[in-house]
Amino acid sequence: MDEIIKTKLGINLAWITSGKKKYIECIEKCKKLNITYIRIILSSWSLNALSEKSKQNELKEILDICEINKLEVHLTLMNFVDYNKYVYNDTNTPDYSWLGNVYNKKHKISRQTFFETLQEVFKKDIENLFFLLNQYGNIRNIELINECDQIEIGCTLKFKWINQFISFLKSKYPTYNYSISISNHLLYKKYKENIKCTIDLHMYSFPTESMALNILEYNGNVVGEFAKYSDYHNIDSINSRIYFTAGIWIASLLNYKVTPLHWWWDELLESEAYCKIIKFFNNKKFSLKSNKYVLIKQIVFSKELNKSKENRKIYERIINIIKHPLILIHELNSIKKFLYKKVYEEKNHRIIYFYEENIYFIETYQKIYTHNLVLSKKAKIYNLINAKCIKSNDILEPGVYVITDVQL
């Protein structure tokens, strides 16, 4: 194994609504935890620097602080919410939609016209923004649109517009890496076949419940968002910590440039449990030379619907549909994705064996037996959540583990 650490630890600071002061506080916390890669989304309720000059000044100050603190930036130019016809599903604020979009309110461009071709006023805004961005050397990725699969417009028109946008950017600013992100793994192949840039799939217990397996199957791409649950109330659960730990460790073992970027930044940066996981991760001394692996014995189970956690979310969505009936069209996709997750039989633990280096990586959400694993006498079991080496044991509690002969 290589005696070097290549992978940068990353996180979302996607939209901090309380302004630059809060960004500065979060950046200071990132620095203390050796988090050196952050993602920022330009959105109507936060840093809308694409079309608001005052917000560009704010963005400049934040980028200055990132550069001083040697943080690399993944910048997302657009948020799907601002380009949908009706209000965002989780709010009742019409400003967070095309109704409040500057290209509608100020420039009087219809949504259909906006997506038929790149508008001159939009191109001018892009050029103004890149005049600012070109002053920095720490912007590692430009993401055109956050979760563009959620923009409610025909795929043919959407793909054509996105590819026009990509061509425009590459012709004028060829040195940047470009990407888009999507939320639905069932659409990954379709977007990959039709969009001429990197496709970033956000992973909230999709495509599988195992973050380690998700990373292995979608090899090499930056994962701009991930969390076990899309509801912050569950951030402190053991399942959330397992999913987070598995994501950052498997990416690092495989020598990715950056770990997946966790979504719940406020909660994570304040949590002693997560800080403990991160500090142990930062002390890692090796990476894999070979990523050849097999999956060992996987137990299949059917997930039960947790009514107490789901009812509140369902109630909120029903209220929104009553107030804004036309968003039901969009909700159908969410319902399909929700049902797929609830009825699909999931494997509730993964034992990944990197056979050329005799290393087991275990991500388990239940107690499991290890007596069927072939272990050497020198093998050590590292609990990556509790940050310690544990005694050899036939039973492992829910968690993330590495079993290896090498000092971790």
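This chain uses plain numbering: 1 for the first residue, then up along the sequence.
The closest side-chain donor-acceptor pair between Y136 and D64 falls under 3.5 angstrom.
A perpendicular orientation is assigned to the rings of Y274 and F244, their planes being inclined by more than 60° (bins at 30° and 60°). In this structure, W45 and W15 have perpendicular ring planes: the angle between them is above 60°, well past the 30° mark. The aromatic rings of W98 and Y83 are tilted relative to each other, their planes meeting at an angle between 30° and 60°. The aromatic rings of Y37 and H74 lie perpendicular to each other, with more than 60° between the two planes, well past the 30° mark.
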Step-by-step side chain to side chain contact (heavy atoms under 4.5 Å, CB included) determination, F206 to L201: CA-CA 9 Å; F206 289 108; L201 175 63; over 6 Å; no
Let's go through N214 and T208 carefully: what are the C-alpha distance in whole Å and the side-chain angles of both, what is the deciding distance for side-chain hydrogen bond (donor to acceptor under 3.5 Å, both in side chains) to 0.1 Å, and is it a yes or a no? CA-CA 6 Å; N214 291 342; T208 76; 2.9 Å; yes
Step by step, work out the side chain to side chain contact (heavy atoms under 4.5 Å, CB included) result for F281 and N34. CA-CA 10 Å; F281 171 84; N34 197 34; over 6 Å; no
Check the pair I235 / S271 against side chain to side chain contact (heavy atoms under 4.5 Å, CB included), numbers first and verdict last. CA-CA 9 Å; I235 185 68; S271 166; over 6 Å; no
With side chain to side chain contact (heavy atoms under 4.5 Å, CB included) as the test, would you mind laying out the steps for N84 and R111 before giving the verdict? CA-CA 8 Å; N84 272 346; R111 208 168 70 98; 4.1 Å; yes
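In this structure, the side chains of I182 and F80 stay at 4.5 Å or more apart for every pair of heavy atoms. Taking 4.5 Å as the limit, some side-chain heavy atom of I27 sits within range of a side-chain heavy atom of I62. Counting heavy atoms from C-beta on, the side chains of K284 and S252 come closer than 4.5 Å. In this structure, N194 and K158 have side chains that are not in contact, with every pair of non-hydrogen atoms separated by 4.5 Å or more. Side-chain contact between I362 and I296: absent, with no pair of heavy atoms (C-beta onward) separated by less than 4.5 Å. Counting heavy atoms from C-beta outward, L75 and Y176 have side chains that stay 4.5 Å or more apart. Side chains of D82 and Y103 form no contact here, defined as non-hydrogen atoms less than 4.5 Å apart. At least one side-chain heavy atom of S46 sits less than 4.5 Å from a side-chain heavy atom of Y23.
A distance-only check finds no donor-acceptor pair linking the side chain of E72 to the backbone of R140 [under 3.5 Å]. K108 places a side-chain N or O within donor-acceptor distance of the main-chain N or O of K105, the cut-off being under 3.5 Å. Between the N255 side chain and the L288 main chain, a donor and an acceptor come within less than 3.5 Å of each other. Looking at N234, its side chain never comes within 3.5 Å of a backbone N or O of S237 through a donor-acceptor pair.
Taking the six-membered ring wherever Trp is involved, the centroid distance between the rings of F361 and F354 does not fall below 6.0 Å. Aromatic rings of Y229 and Y243 (six-membered ring for Trp) have centroids beyond the 6.0 Å cut-off, not under it.
Cation-pi geometry between K228 and Y365 is met: the NZ or CZ atom falls under 6.0 Å from the ring centre, inside 45° of the normal.
Under the side chain to side chain contact (heavy atoms under 4.5 Å, CB included) test applied with F114, the options I153, N101, I109 reduce to a single match, I109. Each of E120, E127, Q119 was evaluated against K123; a single residue qualifies, E120, per the side chain to side chain donor-acceptor pair (under 3.5 Å) test.
Distance check: N138 CG to N69 CG gives 10.5 Å after rounding to the nearest 0.5 Å. One distance of note links CD1 of I11 with CD1 of I278; it measures 6.5 Å at 0.5 Å rounding. Remark: W161 CH2 to C148 SG distance equals 9.5 Å, nearest 0.5 Å. Residue C197 holds its SG atom at 5.0 Å from CD1 of I180, rounded to the nearest 0.5 Å. Atoms CG and SG, from L268 and C275 in turn, are 7.0 Å apart once rounded to the nearest 0.5 Å. From F280, atom CZ reaches atom CH2 of W249 across 5.5 Å, with rounding to the nearest 0.5 Å.
A salt bridge does not link K289 with E356: none of the charged nitrogens is closer than 4.0 Å to a carboxylate oxygen.
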Which atom pairs, one a donor and one an acceptor, fall under 3.5 Å between side chains of residues 50-59 and the rest of the protein, sequence neighbours left out?
unit_1 : atom_1 : unit_2 : atom_2 : d
E52    : OE2    : N48    : ND2    : 3.2
Q56    : NE2    : A49    : O      : 3.1
E58    : OE2    : K20    : N      : 3.3

